[in-house]
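Take a look at the structure set out below.
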2 protein chains.
Amino acid sequence: MSHRAEHLDTIQRELTAFARRARAAAARLHPELSLVSYTLLAHLQDQRGCRATDLAAHYLLDKSTVSRQVAGLERLGLVERRADPDDQRVQVLHLTDRGTEVLDQVAASRRTAFENRLAEWDETDLARFAGYLLRYNASGAEQD
Amino acid sequence: MSHRAEHLDTIQRELTAFARRARAAAARLHPELSLVSYTLLAHLQDQRGCRATDLAAHYLLDKSTVSRQVAGLERLGLVERRADPDDQRVQVLHLTDRGTEVLDQVAASRRTAFENRLAEWDETDLARFAGYLLRYNASGAEQD
DNA sequence: CACTTCAGTTGTACTATACAACCAAATGGG
DNA sequence: CCCATTTGGTTGTATAGTACAACTGAAGTG
């Protein structure tokens, strides 16, 4: 096998291994906020509110899935729905204060976990690794 | 925020985004073999057979989960159980010919997907990216 | 030989997810 | 202006993956 093919295989294998473990690991670290909930909240914070449909489109989830996730987050008091004056069908989703608080806390603890894990890496390697991940994800967002 | 912290945030965000999408993407590509089944089969091929308990330990899965996954793979005719002459409790799992065939086929198609996605990358970047992923996964396998 | 450990299965429950059917609001062409 | 279509969202139903706990049977150990 060529070097190139070996690298491709390694990348495939290691990304797969990571994907397999990530959800469970996130759940162990934060039983109160699944990986999906976390990303939805983070997106709401980022966008300063958006519609359920936007979340579904962005994360390639079915609208029913988003509907139920949002319902759960609302039940937990982390998200609130506001009417859109221009379109009565639309609910604009926003983080509540509590939602912001929980999200910040979970984000901080995740950040700490990453910091520990990557403590030995020098800045050059971190920068390159971050760059590669961005590049990888930006290439076929539609595929995986 | 320091550069270092920014890189850490990017890595966190991009790995999270990847993890969120990977399962669904794998399922779309191969409805007949989920990401989990695929990794279990690959492990069996790699190890030339092993016990259910080994799979559970290696992938941090509950033994009941593995038991059901294996049952499914056996039902599909991809895996067979052999008695361990030295220990009547143990079932040594092996790929069947059909299992090898299906695994090779799926692996090839996954490889093609990765090749397409990474077609523009030069070999140096591939090698570095592969190295970083290995290093990342090798640091806290127990965490995530 | 009795107690404990180990491999694996089964019962039960929960989460994430999809697809399809549905409802209500908005929009656009006759 | 009205009805057909589109759009945003919910609900019913089904499936997969997972965990935990209770259990069975075999192996090891005092």
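From a predicted model like this one, the values you see are computed outputs, not experimental measurements. Every chain is numbered from 1, with letters handed out A, B, ... down the list of sequences.
A donor and an acceptor atom sit less than 3.5 Å apart, one in the side chain of B:Ser64 and one in the base of D:dC20. Counting distance only, with no hydrogens placed and no angle test, the side-chain atoms of A:Arg68 and the base atoms of D:dG12 include a donor-acceptor pair under 3.5 Å. Scanning atom types as modelled, no donor and acceptor separated by under 3.5 angstrom connect the side chain of B:Arg89 and the base of C:dT9.
When distances are taken from the side chain of A:Arg51 to each of C:dT17, C:dG8, D:dG8, the shortest belongs to D:dG8. For A:Gln91, the listed nucleotide lying nearest its side chain is D:dG9; candidates were C:dG8, D:dT18, D:dG9. Comparing D:dG8, C:dA26, C:dT9 by their closest approach to the side chain of A:Val90 singles out D:dG8. Listed nucleotides C:dG8, C:dC19, C:dA16 differ in distance to A:Val36; the shortest reach to its side chain belongs to C:dA16.
In this structure, the separation between CG on A:Leu55 and CD on A:Gln47 is 8.5 Å, given to the nearest 0.5 Å.
Computed from coordinates, the B:Glu32 CD to D:dT15 C1' distance equals 17 Å when rounded to whole Å. At whole-Å resolution of the value, CD in B:Glu74 and C1' in C:dG8 are 13 Å apart. Counting to the nearest Å, the C1' atom of C:dC19 and the CG atom of A:Leu60 are 16 Å from each other. Rounded to whole angstrom, the span from the CG atom of B:Asp62 across to the P atom of C:dA7 amounts to 14 Å. Atoms CZ (A:Arg75) and C1' (D:dT10) sit 13 Å apart, rounded to a whole Å. Between B:Leu61 atom CG and C:dG8 atom P there is a gap of 14 Å when expressed in whole angstrom units. Spacing between atom CG of A:Asp84 and atom C1' of C:dA26 amounts to 12 Å, rounded to whole angstrom units. When the P atom of C:dC6 is taken as reference, atom CG of B:Asp54 falls 14 Å away, rounded to whole Å.
By the side-chain contact (heavy atoms from CB on, under 4.5 Å) test, B:Gln45 is found to be paired with B:Leu95, B:Thr100, B:Leu103, B:Asp104, residues two or more places apart in sequence or in another chain being considered.
The nearest heavy atom of DNA chain C to A:Gln88 and to A:Gln69 marks one nucleotide each, and the one closer to the 5' end goes with A:Gln69. Take the nearest nucleotide of DNA chain D for A:Ala52 and for B:Asp86: the residue whose nucleotide is more 5' is A:Ala52. For A:Asp87 and A:Thr65, each mapped to the nucleotide of DNA chain D holding its nearest heavy atom, the one lying further toward the 5' end belongs to A:Asp87. Sequence order on DNA chain C of the closest nucleotides to A:Ser37 and A:Lys63 puts A:Ser37 first from the 5' end.
A distance of 6.0 Å or more separates the ring centres of B:Trp121 and A:Tyr136.
Comment: B:Asp84 does not engage B:Arg89 in a salt bridge, judged by the lack of any side-chain N to carboxylate O separation of less than 4.0 angstrom.
Here B:Ser34 reaches the OP1 or OP2 of D:dG17: one of its side-chain N or O atoms lies under 4.0 Å away.
In the model, B:Ser67 has no side-chain atom that pairs as donor or acceptor with a side-chain atom of B:Ser64 under 3.5 Å.
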